[in-house]
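These notes are about the structure you will find just below.
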Number of protein chains: 2
Amino acid sequence: MKVTIKEIATDAGVSVSTVSRVISNNPKISESTKEKVRESIERLNYKPNIMARGLVKKRTGILGVIMPKEAITLFSSPFFIEVMQGISLKGKERDYYIMYDFCKNEKEEYEGTKKLVESGLVDGICLMSTRKGDKSIKYLKELQFPFVIVGEPEEKDEVLWVDNNNLKATYDMVKKVISKGENSAVFIGGDKNLTVTTNRVEGFKKACKELNIQSVVHLGKDFSREEGFRLAEIIFAKENYKNFIVSDDNLLKGFLEYVEKFNIKNINIGSFNRTNLKRIWKNKVFLLDIKPEKLGIEAVNLLIDNILGDSKFTNKVIDIELN
Amino acid sequence: MKVTIKEIATDAGVSVSTVSRVISNNPKISESTKEKVRESIERLNYKPNIMARGLVKKRTGILGVIMPKEAITLFSSPFFIEVMQGISLKGKERDYYIMYDFCKNEKEEYEGTKKLVESGLVDGICLMSTRKGDKSIKYLKELQFPFVIVGEPEEKDEVLWVDNNNLKATYDMVKKVISKGENSAVFIGGDKNLTVTTNRVEGFKKACKELNIQSVVHLGKDFSREEGFRLAEIIFAKENYKNFIVSDDNLLKGFLEYVEKFNIKNINIGSFNRTNLKRIWKNKVFLLDIKPEKLGIEAVNLLIDNILGDSKFTNKVIDIELN
DNA sequence: ATGAAAGCGCTAACAG
DNA sequence: CTGTTAGCGCTTTCAT
């Protein structure tokens, strides 16, 4: 059977509370007993029972992550996988376990959130999506239960959230990629209902305005390769534009497919990117890594700080650096 | 504060043990009291504390999933995301929570496994990878701790595992796609060290032999689009082959890229596939959906059955149906 | 059919 | 500095 704190106490010749104190590294315990106890712990391979600890501390050391199904299919999934990796990495580092709940729809998200909270299983929740009038957010807010959102929420007060500075990044990218003296630039984006799209378009327009060039925006219905190709068809049917900002990986791939197919030359492209297109396209496209893993890392940091009471509502807008 | 079993007891005018019995639907409790207690539970929105329950029952209702980082990058990630969705789906259905541990390397996998087991946090473990001389498997076996592997393990005795019947599926595919009278067929696959590759090659060769055609095998170093394209270059440089079996999504994409670029006509292609290529290619390629979600579902079923003691070591080889 | 009480493994006062 | 004790919320004998 599994070794318990009691056996360690007996083995080390001390009381259970002393063992407990050694585990939490209580400074009041003498180095000599600490030594003794640690030796026993090591030798008997003792691991504290999380359940028992959680029961008394009212803290489990577990974080819950709500994954919306749409989010998985909406973007190309590497984004979410990478955010998850960031979450996992930082979770481990700060000694938290991560529990994921994949949800099929908004209702499941809400119910999953409630269930996780009410079962007392998690200390905090990470929401991977935001919606208009999000019920989960409302619920968590009312309960004052610690949570963080990956992405920019509609209502920003009293919520913890992490997102890239999409507006600034797009703005900077335009300035970098598109030289003065051009007369127009085209933005190719995905779903118009997403904050990420809105923000990038805004940054795009702002920069175009300052450069005094015409801004053309084309938004597809999703972020797929097919949409990228389709939008390219539409765009080039109109005019031989020369400057492009592409909002996502797969859109770019589709766009480039068109460009290559019809052998279009002398164009400038800036794109938000994660996958390794560099090898083939490095000389033609300015690629900006949006580092989804960092989003996960920061989300977890914010959340744990909040749980531990170390922080108030300091959100994190991550500046993507142009390289 | 959260409502406890005690408050339900008081509210319903019974003892805590009665409430507990109602929750576990103990047949000895009269319908009338059950009714009464359930009403209280409902009204006060009572949810049992998982930690407290876990402590006494020595069972947490949590499953741990070990995700190898390589696995995430090796294949195109949709595969794993979909397996995860299957795991989540079935987990929910059978009332289990899922805890994921993303690992950077074999060492982390082993340590993650140990930690999960030793903390008493999970009732069972799902391994998403197998390696030669896998330490995690050895550890879990020795402890007789319930676990399941997604994929075909090296050592098959006393382990629970789930995998597609890759040999049979490839065999069937050859028979379906390649008509008699041809003189050769090419298999395009990824990493040769993976069981999935070995099995598919075997099925391929077997079918070719029966059809009395020459079998040509080309394996890339990974399953990427780039490799698909590169292999196509190599293959077509040799000879104008006409029959192809492609082992994965991205390989196929790269292969088709080449085929389209050089306008190659009149070839037969069969491929294992998940993404929606159908729209563009449905008339040219025979696509076989390998349904990763099902793998996840079956893995969880096997694992939970094992935890509950309902099963011995009945592995599950899933037949992919040709449609 | 139901209640009383013990106890799962741990932490946190309280005492000394 | 360390031990004693109560109790976290629940399930499970053991009574009745």
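Order of the sequence lines sets the chain letters (A, B, ...), proteins ahead of strands, with each chain counted from 1. Just so it is clear, the values below take in all heavy atoms, side chains as well, and ignore hydrogens, waters and symmetry mates.
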Quiz item: B:S17 side-chain donor-acceptor pair to C:dA4 base, under 3.5 Å: yes
Can you tell me how far P of C:dG3 sits from NZ of B:K6, to the nearest Å? 15 Å
Quick one: does B:T113's side chain have a donor or acceptor within less than 3.5 Å of a partner on B:S136's backbone? no
Answer with base, sugar-phosphate or nothing: what part of the nucleic acid does B:S24 contact at a heavy-atom distance below 4.0 Å? nothing
Does a side-chain N or O from A:T18 land closer than 4.0 Å to OP1 or OP2 of D:dG3, or not? yes
Measure the distance from CG on A:N26 to P on C:dC14 and round it to the nearest whole Å. 16 Å
Please walk me through it: do B:I137 and B:E154 pass side chain to side chain contact (heavy atoms under 4.5 Å, CB included)? CA-CA 10 Å; B:I137 295 179; B:E154 194 185 15; over 6 Å; no
Of D:dT11, C:dT11, D:dT2, the nucleotide closest to the side chain of A:K57 is C:dT11
Less than 3.5 Å between a donor and an acceptor, one on the side chain of B:R53 and one on the base of D:dT12, is that the case here? no
What's B:S20 touching, base or sugar-phosphate or nothing? Going by heavy atoms closer than 4.0 Å. base
Within 45° of the ring axis of B:Y97 and under 6.0 Å from its six-membered ring centre, is that where the NZ or CZ of A:K115 lies? yes
Closer than 3.5 angstrom, by distance alone: can the side chain of A:K34 be matched with the main-chain N or O of A:N26 as a donor-acceptor pair? yes
Atom NZ of B:K36 and atom C1' of C:dT2: how far apart are they, to the nearest Å? 10 Å
Taking the minimum atom-to-atom distance to the side chain of B:S15, which one of C:dG3, D:dT11, C:dC14 wins? C:dG3
Return the 5'-most residue of the pair B:I29, B:V56 with respect to DNA chain C, ranking by each residue's nearest nucleotide. B:I29
What integer distance in Å separates B:N49:CG from C:dC10:P? 17 Å
Let's see if you can work this out: which of C:dT2, C:dC10, D:dG3 has an atom nearest to the side-chain heavy atoms of B:T33? C:dT2
How many Å lie between CG on A:L55 and C1' on C:dT11, as a whole number? 10 Å
For B:E31 and C:dA1, what is the distance between atoms CD and P respectively, to the nearest whole Å? 11 Å
For B:V19, report the nucleic acid contact type (base, sugar-phosphate, nothing); a contact means any heavy atom under 4.0 Å. nothing
Verify the contact: side-chain N or O of B:K58 to OP1 or OP2 of D:dT11, cut-off strictly under 4.0 Å; return yes or no. no
More than 12 foreign heavy atoms under 6.0 Å from NZ of B:K156: is that the case here? yes
Separation of A:I50 atom CD1 from C:dC8 atom C1', in whole Å? 15 Å
Using whole Å, what does the distance between atom C1' of nucleotide C:dA12 and atom CZ of A:R59 come to? 14 Å
